[in-house]
Amino acid sequence: MLEQNTVLGQRKAAIRRLIENCLYQNQREGKLSFTEIADFVVEQPREEAHGDFAANAAMVMAKVCRRAPRDIAALLKDSIEKACAAQEADTAEIQQVEIAGPGFLNFWLKPGWLGACLEEILAQGENFGRSNTGQGKKIQVEFVSANPTGELHMGNARGAAIGDSLANILNAAGFQAEREFYINDAGNQIEKFGLSLDALYQTRLGHPVPFPEDGYHGADLPRLIEDLVAREGDIYLKLPDQERRNLLADYALSLKITDIRNALRNFGVEYDVWFSERTLHESGAVQGIIDKLDQDDWLLQQDGAIWLDCRRFGEEKPEVLVRNNGVPTYFAADIAYHDNKFRRGFDTVIDIWGADHHGHVARMQGAMEALGYDRQRLEVILMQFVRLYQGGQLLKMSKRTGQYVTLNELVEEVGRDAARFFFVMRSADSLIDFDMDLAKKQSADNPVYYAQYAHARICSILAAAPAGVCSVAADCSLLRQEGEEKLIRKLAAFPDEVATAALSREPHRLAMYILDLAAQFHNFYGQCHCLVEDQALMSARLHLIQAVAGVIRRGLAMLGVSAPEKM
RNA sequence: GCGCUCAUAGCUCAGCUGGAUAGAGUGUUUGGCUACGAACCAAAAGGUCGCAGGUUCGAGUCCUGCUGGGCGCACCA
């Protein structure tokens, strides 16, 4: 990845330019021979003994130049030192260069550069953490999109935490991200839903009807019917069966969608768009997509059904788009839906799906290719399952059996902050075992409190500080203790961490970063006292911790987690 | 059977897309509140990165095979 336009990124970029110039110069002087500079990395080494920044340029150039890495490093070191002595561009902050290990170039910057970083950070204020990495590209994140026939469960909670945080992170990194919920309000499921409701309705009114075999057993449906009967009695009984089912389904759907919206809102998630599958059928978009695919000769007729020939984009077998009864499949609607997304101008579309849908990924991307889109523009984040345990026993999670822990229960039992952090701190591809009893007992151990505690601690120090100290600029170059420098380094990495999390679509990186920063702060707290006699030093330290608090607060906010001033 | 995915400390997990001596939390052991919040800090101990090959200056990370867990392979969504 190339350097971002950030506090650290600018410094890395300067070192990169310097190295590139030195490479070319050696080429001109005939000391090195290459046609192209290989892609090398400028990074902050893990070990501080390896300097402030390190570059592997000599190693990656070894092959191209047909020279030993350390020979190249020696040439580069020499050129860099000459450039520094001549005060050429990009050398202003460089103090020293060393060759280390297999051929790393380790750079030490002049003392005080970290203070300068902190001053830049403070100057950026609330904007620190943001970057232009995304260059304003439009990205859509579609997540949860649970069937509106049931309640939201733990898997949905995980998707919500990841999707919402990802959208926040993308926005902070300079993308224009939109959140979308796809409402599956059409098709087979809804038919069954109507049948289930109708059975409950008629039975409640004294006309026992057997409950459909694969109907919905959600505990909330009888209550919903009870409300309807209490309000409107038996007026729907007289209607034709199909019409009554549709009415009951529509009635229940609108209530359930409201419930879902409220549950997600309660979890800190607000969508930009709620997109109805039904509109795709009613507008003719589904038929339109089938016609287009037919025109471009992607379709097959067999057994009275219409198939998409997925073999042409590398899949094993064709897939049905229109059943032999004339009803389009979910796949057909989904193709039309994604076509619609791209028509709305998104550069990239990210879907967050459960791991059970992985077989659908390549087909869907292939279908986009068939429509003439670059398949890379559809990205799918596959989330592994949340397995539900109770007292050490695995529970079977299913909407149909009605046995699950709902999102609302989760928020109620462990709290929104703990719940969101619990999900967003793990990478999407780890399988999670969740035990509600354990979660309740252990919610106080949730790492989120570690970060929140650091924030609250800072707030109380700032509250105890003499008035006005933070409103005048401080001399941050006074911060030269180990704990202070480490803290500034960590702080400075924030925008790059956000950018990396955005580009890799991995919000858990940000959670890890915040915990690291909090740890670094707690360590600093043990080493350095803020409210000291020396006014200049006190001011510098207060500015430092103020910046830390800001980063923790904004970082947590991206994860949908609050940063209380007291706990 | 075919495919996707995961395997890292006793347990739960990171590991910056191939870099230098693999890191946190938790648990165990030990030390630290008469200074800004002990929901904290410091230290010790804990590893054949599932196994076997391969690619190269260099592999937890990439490729192949194997073992084991999860999930798919519908005219369901």
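Proteins come first, then strands; the chains are lettered A, B, ... in the order of their sequence lines, and each starts at number 1. Excluded from the calculations below are hydrogen atoms, water molecules and symmetry mates; all remaining heavy atoms, backbone and side chain alike, are included.
Atom CG of A:Asp334 and atom C1' of B:C76 are 13 Å apart (whole Å). Going from atom NE2 of A:His281 over to atom C1' of B:A77 covers 11 Å, rounded to whole Å. Atom NE2 in A:His360 sits about 13 Å away from atom C1' in B:A74, given to the nearest Å. Across the protein-nucleic acid pair, A:Lys317 atom NZ and B:C2 atom C1' stand 10 Å apart, rounded to whole Å. The CG-C1' distance, from A:Leu308 to B:A74, rounds to 16 Å in whole Å. In this structure, CZ of A:Phe422 is placed 14 Å from C1' of B:U26, rounded to the nearest angstrom. Distance CG (A:Asn147) to P (B:C76): 15 Å, rounded to an integer number of Å. Here B:C76 presents its C1' atom at 15 Å from CG of A:Leu195, a figure rounded to the nearest Å.
Across the P atoms, B:C13 and B:U8 are found 9 Å apart, a figure rounded to whole Å. Rounded to a whole angstrom, the distance from the C1' atom of B:G46 to that of B:U30 is 16 Å. Comparing B:U67 with B:G23, their P atoms are spaced 33 Å from each other, to the whole Å. Only the P atoms considered, B:U26 is 13 Å distant from B:A39, to the nearest whole Å. Comparing the same atom, P, in B:G50 and in B:A9 gives a spacing of 8 Å after rounding to whole Å. Spacing between B:C75 and B:C71 at atom P, rounded to whole Å, works out to 22 Å. Distance noted for atom P between B:C11 and B:U5: 26 Å (whole Å). Comparing the C1' positions of B:C2 and B:A45 gives a spacing of 47 Å, expressed to the nearest Å.
In this structure, the separation between NE2 on A:His508 and OG on A:Ser427 is 5.0 Å, given to the nearest 0.5 Å. The CZ atom of A:Phe275 lies 4.0 Å from the CG atom of A:Leu280; values are rounded to the nearest 0.5 Å. Put simply, CZ on A:Arg489 and CG on A:Leu491 are 12.5 Å apart, with the number rounded to the nearest 0.5 Å.
In this structure, A:Asn184 does not reach the B:A77 phosphate: none of its side-chain N or O atoms is under 4.0 Å from OP1 or OP2. A close approach under 4.0 Å does not occur between any side-chain nitrogen or oxygen of A:Arg509 and OP1 or OP2 of B:U17. Between A:Arg387 and the phosphate of B:C6, there is no side-chain N or O to OP1/OP2 separation shorter than 4.0 Å. Within the 4.0 Å cut-off from OP1 or OP2 of B:G18, not a single side-chain nitrogen or oxygen of A:Asn56 is found. An OP1 or OP2 oxygen of B:A20 is reached within less than 4.0 angstrom by a side-chain nitrogen or oxygen of A:Arg46.
Of the two residues near RNA chain B, A:Arg323 and A:Leu105, the one whose nearest nucleotide lies more 5' is A:Leu105. With the nearest nucleotide of RNA chain B identified for both A:Asp356 and A:Glu316, A:Glu316 has the one nearer the 5' end.
The six-membered or imidazole ring of A:Tyr450 lies near that of A:His522, with a centre-to-centre distance under 6.0 Å. Ring pair A:Phe494/A:Tyr513: centre-to-centre distance below 6.0 Å.
Looking at residues two or more places apart in sequence or on another chain, you find a side-chain contact (heavy atoms from CB on, under 4.5 Å) between A:Ala502 and A:Ile169, A:Leu170, A:Ala173, A:Phe175. Shown here are the side-chain contact (heavy atoms from CB on, under 4.5 Å) partners of A:Ala456, two or more places apart in sequence or in another chain: A:Met567. The side chain to side chain donor-acceptor pair (under 3.5 Å) test applied to A:Lys486 returns A:Glu482, not counting sequence neighbours.
Both geometric conditions, a ring-centre gap below 5.5 Å and a plane tilt below 30°, are not fulfilled together for A:His357 over the base of B:G72.
Checking B:A74, B:C75, B:C71 against the side-chain heavy atoms of A:Ala305 singles out B:C75 as nearest.
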Just the atom pairs and distances: protein N or O near nucleotides 11-13 of chain B's N or O, under 3.5 Å.
residue: B:U12; atom: O2'; partner: A:Arg426; partner atom: NH2; Å: 2.9
residue: B:C13; atom: OP1; partner: A:Leu431; partner atom: O; Å: 3.3

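Residue A:Gln452 is classed as having no contact, given no heavy-atom separation below 4.0 Å to the nucleic acid. Within 4.0 Å of A:Pro102, counting heavy atoms only, lies at least one base atom of the nucleic acid. Within the nucleic acid shown, A:Ala54 comes within 4.0 Å of at least one base atom, counting heavy atoms only. In this structure, A:Ala62 reaches neither bases nor backbone, as no heavy-atom distance under 4.0 Å exists between it and the strands shown. The residue A:Ala100 sits close to a base: some heavy atom pair falls under 4.0 Å. Contacts of A:Asn106 with the nucleic acid, taken as non-hydrogen atoms under 4.0 Å apart, include base atoms.
Applying the Watson-Crick and G-U wobble criteria (two distances, each under 3.5 Å), B:C62 pairs with B:G54. B:U28 is paired with B:A44 under the criterion used here, namely a Watson-Crick or G-U wobble arrangement in which both key atom distances are under 3.5 Å. Nucleotide B:G3 is matched to B:C71 when pairs are restricted to Watson-Crick or G-U wobble geometry with both distances under 3.5 angstrom. B:C13 is paired with B:G23 under the criterion used here, namely a Watson-Crick or G-U wobble arrangement in which both key atom distances are under 3.5 Å.
A donor-acceptor distance shorter than 3.5 angstrom exists from the side chain of A:Arg11 to the backbone of A:Val7, with no hydrogens or angles considered. Counting only distance, with no hydrogens or angles, the side chain of A:Ser430 and the backbone of A:Arg426 share no donor-acceptor pair below 3.5 Å.
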Anything under 3.5 Å between a donor and an acceptor, one on a side chain of residues 352-362 of chain A, the other on a protein residue two or more places apart or in another chain? List them.
residue: A:His360; atom: NE2; partner: A:Asp334; partner atom: OD2; Å: 3.3

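Glycosidic torsion of B:U17 falls within 90° of 0, placing the base in syn.
Evaluation of atom-type donor-acceptor distances gives no pair under 3.5 Å for the side chain of A:Asn188 against the base of B:C76.
The side-chain tip of A:Arg16 points at the ring of A:Phe40 from less than 6.0 angstrom away and within 45° of straight on. A cation-pi arrangement is absent between A:Arg387 and A:Phe434 under the rule of less than 6.0 angstrom and at most 45 degrees off the ring axis.
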At under 4.0 Å between heavy atoms, which parts of nucleotides 33-39 of chain B does protein reach? Answer with one letter per nucleotide, 5' to 3': B base, S sugar-phosphate only, - none.
--BBBSB
